[in-house]
Amino acid sequence: MNINVNKSKETILVTGGTGFIGSHTVVLLIENGYNVCILDNLSNSKIQVLDRIRTITNLDKNDERLKFYKGDILDKIILNKIFKENKIFGVIHFAGLKAVGESCIIPLKYYDNNISGTVNLLEVMKENNVKNIIFSSSATVYGEQSVQPIKEDAKLNEPTNPYGKTKLFIEYILKDLYSSDNTWNIVLLRYFNPIGAHKSGLIGEDPNGIPNNLMPYVTQVAIGKRSHLNVFGNDYDTPDGTGVRDYIHVCDLARGHVYALGRLFGNHGLDIYNLGTGHGYSVLDIVKTFSKVNNINIPYEITSRRSGDIATCYADPSKAYQEMGFKCELTLEDMCRDSWNYQKKNPNGIE
Ligand code: NAD
Ligand code: UD1
């Protein structure tokens, strides 16, 4: 697959490029002919991911198509150094802290890292006259919606936690920036629930400690690290009473970014897209599908609802298809198979 075939050879700065979604996107960027500079402070990823990206993409260590800078988006010196040393066309901005529970305990850290970090990045981009950016937003900005599937023009609701608020505030910041100077090209991508891993099993999601999210918890039950899954409530107004979400394979999500890059060429202004499949699956659908495709029993217990959870959230993905030609290709079976493949090959994460 080669997307934006005439536009490749440009250099993209990928902040947070050794993380879960960033690493899969970097692989696809390289496979599509882009040059990549990663900036990551390794606060939630490992340096070994770089070698794994090189293995998947057949790059040797000295290949200039992939450069790595260890550093922080809060540090203007390293940001300026990257812009001076490379002819950056645009930025895909993944760097951020993302643990919902932790964000309630250390909100200032989240506001500083995610919001001040983004403002810092935007200032340095402006100084260097690079005005193309794709930002990792989240379906969390929709909050609870009575109408499903959710369209991009739905009224946004205030998220219940500081993490979600950072996403909403950054969307506002980017909208204000665009209003003040419409020579910027900005794409806000609202991700639904990314799961799965690269087919090779070399890169995937490596949560710290006890996983908060469903799929990493399920794979840790499968590998015997946890005795059973706690299903947070079966009294929601959904077909089987458990929460319904739109799970998207991380490789589809990564591909969405390569399509979104197409919007940065030419003057499209500010665009907002949902990245989801348009299908809602319940917690028990995930348990059943995972068990079936991998032939592993997942013991579970129904417990009380988790505070802040909503019943149902799934995307209307038609805008991304109509305007960018992007749609998801991988199924829930693929997601369950690839998540398990990664967990099996990396029982203790990347070591
Ligand atoms: P991740 O934690 O795996 O990756 C984020 C990367 O950013 C990590 O490698 C981390 O070390 C780096 N980082 C964090 N703060 C930094 C800083 N100040 N300077 C430099 N590097 C920094 O997370 P992910 O799942 O790949 O998510 C990527 C982005 O997508 C995040 O902004 C996240 O909020 C957003 N998002 C994720 C999900 C999800 O379910 N994974 C859903 C919606 C939105
Ligand atoms: C969560 C975050 C959201 C963030 C997203 C990133 C909360 C309240 N929301 O969304 O802000 O953008 O992750 O992926 O944390 N579940 C269980 N047992 C578990 C774990 C989850 O039953 O051990 C259920 C949840 O109740 C939910 C579904 O599984 O119905 C999915 O949960 P999760 O993977 O945490 O994602 P979200 O809650 O959608």
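Values below: every heavy atom of this structure, side chains too, minus hydrogens, waters and symmetry copies. As the structure lists them, so they are numbered: ligands from 1, and atoms in each ligand from 1.
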Is T140 touching ligand 1 with its side chain, its backbone, both, or neither, if touching means heavy atoms under 4.0 Å apart? neither

Going by atom types only, do D246 and T277 share a side-chain donor-acceptor pair under 3.5 Å? yes

Does a side chain donor of either S137 or K167 reach within less than 3.5 Å of an acceptor in the other side chain? no

Does a donor on one side chain sit under 3.5 Å from an acceptor on the other, for N297 and S291? no

Nitrogen or oxygen atoms of G16 and ligand 1 under 3.5 Å apart: no

For S43, the ligand 1 atoms whose distance to one of its heavy atoms is below 4.0 Å: 10 (C), 11 (O), 13 (N), 14 (C), 15 (N)

Sub-4.0 Å heavy-atom contact, G117 with ligand 1: no

Checking heavy atoms under 4.0 Å, the part of L214 that sits near ligand 2 is both

Are the side chains of K70 and L42 in contact, using a 4.5 Å heavy-atom criterion? yes

Report the part of N212 in contact with ligand 2, treating N, CA, C, O as backbone and CB onward as side chain, heavy atoms under 4.0 Å; options are side chain, backbone, both, neither. backbone

Contact atoms of ligand 2, heavy-atom distance to N193 under 4.0 Å: 36 (O), 37 (P), 39 (O)

Heavy atoms of R65 and N35 approach each other most closely as CG-OD1, 3.2 Å

Please confirm whether G164 approaches ligand 2 to less than 4.0 Å, judged on its heavy atoms. no

Using heavy atoms and a threshold below 4.0 Å, how should the contact between Y191 and ligand 2 be classified: side chain, backbone, both, or neither? neither

Pairing donors with acceptors under 3.5 angstrom, does anything connect the side chains of E205 and Y342? no

To the nearest 0.1 Å, how far is atom 32 (O) of ligand 2 from its closest protein heavy atom, and which atom is that? R306 NH2, 3.5 Å

For ligand 1, note which part of N113 has a heavy atom under 4.0 Å away: side chain, backbone, both or neither. side chain

Per-atom filter on ligand 1: closer than 4.0 angstrom to a heavy atom of L42 are 11 (O)

Between S136 (side chain only) and H93 (backbone N and O only), is there a donor and an acceptor less than 3.5 Å apart? yes

Based purely on interatomic distance, does Y163 place a nitrogen or oxygen under 3.5 Å from a nitrogen or oxygen of ligand 1? yes

For ligand 1, which atoms have a heavy atom of S137 less than 4.0 angstrom away? 43 (C), 44 (C)

Answer yes or no for K167: is there a heavy-atom contact with ligand 1 below 4.0 Å? yes

Say whether T15 and ligand 1 are in contact under the criterion: heavy-atom distance to a ligand atom below 4.0 Å. no

Report the member of Y300, F232, Y247, F192 with the shortest heavy-atom distance to atom 31 (C) of ligand 2. Y247

When you look for heavy atoms under 4.0 Å from ligand 1, do you find them on the side chain of E205, its backbone, both, or neither? neither

N/O separation below 3.5 Å, L97 to ligand 1: no

Within reach of ligand 2, part of I286 (heavy-atom separation under 4.0 Å): neither

Could you work out, for atom 13 (O) of ligand 2, the closest of D309, T242, D246, N213 by heavy-atom distance? N213

Side chain, backbone, both or neither: the part of Y281 lying under 4.0 Å from ligand 2 by heavy atom: neither

Between A139 and ligand 1, which residue portion shows a heavy-atom distance shorter than 4.0 Å: side chain, backbone, both, or neither? neither

K98 contact mode with ligand 2 (heavy-atom cut-off under 4.0 Å): neither

Does L50 form a side-chain contact (heavy atoms from CB on, under 4.5 Å) with I38? I'd like the steps, not just the answer. CA-CA 9 Å; L50 262 191; I38 295 177; 4.0 Å; yes

Indicate, with yes or no, if I115 and I134 share a hydrophobic cluster defined by side-chain heavy-atom contacts under 4.5 Å among Ile, Leu, Val, Met, Phe, Trp and Tyr. no

Shortest protein heavy-atom distance from atom 24 (C) of ligand 2, along with the residue and atom involved: V283 CG2, 3.6 Å

Looking at R305 and D235, does any basic side-chain N land under 4.0 Å from a carboxylate oxygen? yes

Taking both backbone and side-chain atoms of N41, is any N or O found less than 3.5 Å from an N or O belonging to ligand 1? yes

Is the F192 to H279 ring centre distance short of 6.0 Å? no

Is any side-chain N of the basic residue among E152 and R190 closer than 4.0 Å to the acidic one's carboxylate O? no

Tell me whether the centres of the aromatic rings in H257 and F94 are closer together than 6.0 Å. yes

Looking at ligand 2, is there an atom of it that comes within less than 4.0 Å of some heavy atom belonging to Y163? yes

Under a single-linkage definition using a 4.5 Å side-chain heavy-atom cutoff for Ile, Leu, Val, Met, Phe, Trp and Tyr, are L253 and I286 assigned to the same hydrophobic cluster? no

Please tell me if the side chains of D40 and S45 come closer than 4.5 Å, counting only heavy atoms from C-beta onward. yes

So, regarding L39 and ligand 1 (criterion: nitrogen or oxygen to nitrogen or oxygen, under 3.5 Å), is there a contact or not? no

Hey, would you say the Y34 and F89 ring centroids sit under 6.0 Å apart? no

Is ligand 1 less than 4.0 angstrom away from at least one heavy atom of G17? no

Check this for me, if you would: do D112 and K109 make a salt bridge, where the nitrogen-to-carboxylate-oxygen distance has to be below 4.0 angstrom? no

Under 3.5 Å, is there a donor on one side chain and an acceptor on the other for N114 and T166? yes

4.0 Å heavy-atom contact, F20 with ligand 2: no

So, regarding L74 and ligand 1 (criterion: nitrogen or oxygen to nitrogen or oxygen, under 3.5 Å), is there a contact or not? no

